[in-house]
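Take a look at the structure below.
Lettering follows sequence order; numbering is per chain, from 1.
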Amino acid sequence: MHIFDSVQKTKRKFTPMVEGKVSLYVCGPTVYDDAHLGHAKSALVFDLLVRVLEANGYSVIYARNITDIDDKIIKKAQEQNRTIKEITDFYTTAYHREMAFLGIKKPDIEPKATESLNAMFELIQKLIDNKHAYKTEDGDVYFDTASDSKYLTLSNRVQDEGDKFQRVESSSMKKNSADFALWKSVNDGGVSFNSPFGSGRPGWHIECSAMIEKHFVTVSSPYAIDIHGGGADLLFPHHENEAAQTRCATSHPLANYWMHNGFVNIDGEKMSKSLGNSFFLKDALKAYDGEVLRFYLLSTHYRSNFNFNEDDLLSSKKRLDRIYRLKKRLFGLANAYERTAFCEKLLDTLSDDLNISSALALIDEMISSANETLDTAGKHKELKKETLSNLTYIEKILGFGAKNPFEYFQFGLNEDAKAKIAELIIKRDEAKKAKDFALSDTIRDEILSFGVSLMDTPNGTFWERT
RNA sequence: GGUGCCAUCGCCAAGUGGUAAGGCCGCAGCCUGCAAAGCUGCUAUCCCCAGUUCAAAUCUGGGUGGCACCUCCA
């Protein structure tokens, strides 16, 4: 297994701290709004990573956090006149539901900020004790960036003098403009938590460091975790600051490998509220099967920026359709999975920093080759068995082809329409038997008007949503 | 301004030194009552210039164009 380390900027052979075991932490969502395609992309990428690691024989402990303390949550609660918990519960539930539609497995651990406050207190106290953090007169606690000689080495940034001049207006209490809040005192009687540093709220960055420390670290770990993941925008400042906190509060660096997924743009533009709601996952799921979105969002390498575009989605869907059509051809066969040469090749290419494009090419070639043999006369018992094993493996490692193939092709049609189509197909078959092709073609036109296409096969007539 | 990434067929997209994967679209054919699906065949020398090398899409330098981050952000 090889992974591109976005800190060292090179592809590295993956070696976990403990043989056979992998600890993975990914920055999850702040639950103040519906998930958008970017959240989906990130969750999808690390879902794939976990599957590939497991296929390589690793036992993975995967944590993805929920940030449920945040100014934006408080703002939303005030706007909607609801409690913080109502807001965070609502969006957390929605997030879980939508991720499930995408075929994303649940993380093993899903820590919440509200449930990790003690771990944050401990970490902040250690930083204060080590003189890496200081308390200001108004009760805030800041990380002292000047005290950390390795600060900015994660994101390879240089301390920019110009930067300081531009941002002088922000918080005069800080020793250095680069210092970031570990604890913000809140006196307005609103949302605050009691802490050894006074009542207030934790800074964003400390949450992740604390959760990792709480859930993963054992006494002898050379790193807190093996792999830390998240969106590309998180490298700085979020991950830089996380790494600084952990490094200065404990005796170990935060992570051995860092992985960052690329961004999702819509029609060439950065996602923003002004573009309307088209980027929300819930809206995309109304129009497309979750697995179509999974396939499309995963079809480009995880490190590249992804340009979401409906035309591309449609051509990508046609590629997924091929998997399901092959599955249809083998429908009803008893599955007896065995690891084929194809499975080995697929795993090999995915183990090279998740090379999904090569993996998809392998799948397409496998499909064409299987169809070709199946088209010729003969029972092909061995080939069918092998192909079924291949499809099973694709489903397991990539999560493609997990549904009933007939239901997959019927996405979005209601029961009345399905019944009407079935009725018309019987009528058309009768007309065909009577060689009344004019009538059968008229009926077909009527069926096509439902937005479906028809396929006459030796096993009967089937239809698919187009 | 600082730092970094990218540029491969009409579209999407692999390939990081050995002579261009795959999908969509298109064209031709097989199959089909006709279709659809499936199959077969056909379609690029890799932004530009210079260099290194027996050999470069792949390395180096320069140029052009696009993008990201710079303390809210998956």
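At the heavy-atom level, A:Leu454 lies under 4.0 Å from base atoms of the strands shown. Note on A:Arg64: nothing from the nucleic acid sits closer than 4.0 angstrom, heavy atoms only. Residue contacts shown for A:Gly38 include a base, since a base heavy atom lies under 4.0 Å away. Residue contacts shown for A:Asn307 are absent, as no nucleic acid heavy atom lies under 4.0 Å away. Using a 4.0 Å heavy-atom distance criterion, A:Ser357 is classed as a base contact. Within the 4.0 angstrom heavy-atom criterion, no nucleotide atom of any strand lies near A:Phe462. At the heavy-atom level, A:His36 lies under 4.0 Å from base atoms of the strands shown. At a threshold of 4.0 angstrom between heavy atoms, the contacts of A:Lys41 with the nucleic acid are absent. Within the nucleic acid shown, A:Glu464 has no heavy atom closer than 4.0 Å to any nucleic acid atom. A:Phe180 comes within 4.0 angstrom of no nucleic acid atom, judged by non-hydrogen atoms across all strands. A:Arg325 comes within 4.0 angstrom of sugar-phosphate atoms only, judged by non-hydrogen atoms across all strands, and of no base.
When both distances must be under 3.5 Å, the Watson-Crick or G-U wobble mate of B:G33 does not exist. Nucleotide B:A28 forms a pair with B:U40, judged by Watson-Crick or G-U wobble geometry with both contacts under 3.5 Å. Across all strands shown, the partner of B:C69 is B:G2, judged by Watson-Crick or G-U wobble contacts whose two distances both fall under 3.5 Å.
Distances shorter than 4.0 Å separate some side-chain N or O of A:Lys318 from OP1 or OP2 on B:C25. Contact annotation: A:Ser358 side-chain N/O to B:G22 OP1/OP2 distance is not under 4.0 Å. Contact annotation: A:Asn305 side-chain N/O to B:C67 OP1/OP2 distance is not under 4.0 Å.
Comparing the same atom, P, in B:G41 and in B:U64 gives a spacing of 45 Å after rounding to whole Å.
The interatomic distance linking A:Arg322 (CZ) with B:C25 (P) rounds to 10 Å, in whole Å. Rounded to an integer number of Å, the gap from CG of A:Asp312 to C1' of B:C12 is 5 Å.
Pairs of residues two or more places apart, or lying in two chains, that qualify as ring pair (Phe, Tyr, Trp, His ring centres under 6.0 Å) and include a residue from residues 424-462 of chain A are A:Phe406-A:Phe462.
Counting distance only, with no hydrogens placed and no angle test, the side-chain atoms of A:Asn156 and the base atoms of B:G4 include no donor-acceptor pair under 3.5 Å. Within 3.5 Å, a donor on the side chain of A:Arg444 pairs with an acceptor on the base of B:A35, or the reverse.
The environment of NZ in A:Lys317 is crowded: more than 12 heavy-atom neighbours from other residues, nucleotides or ligands sit within 6.0 Å. Around atom CZ of A:Phe180, more than 12 heavy atoms belonging to other residues, nucleotides or ligands sit under 6.0 Å away.
Taking the six-membered ring where tryptophan is involved, the planes of A:Tyr324 and A:Tyr408 are essentially parallel, since the angle between them stays under 30° and well short of 60°. Between A:Tyr296 and A:Phe308, the ring-plane angle classifies as perpendicular under the 30° and 60° cut-offs.
Nearest-nucleotide positions on RNA chain B place A:Arg428 closer to the 5' end than the other of A:Asp321 and A:Arg428.
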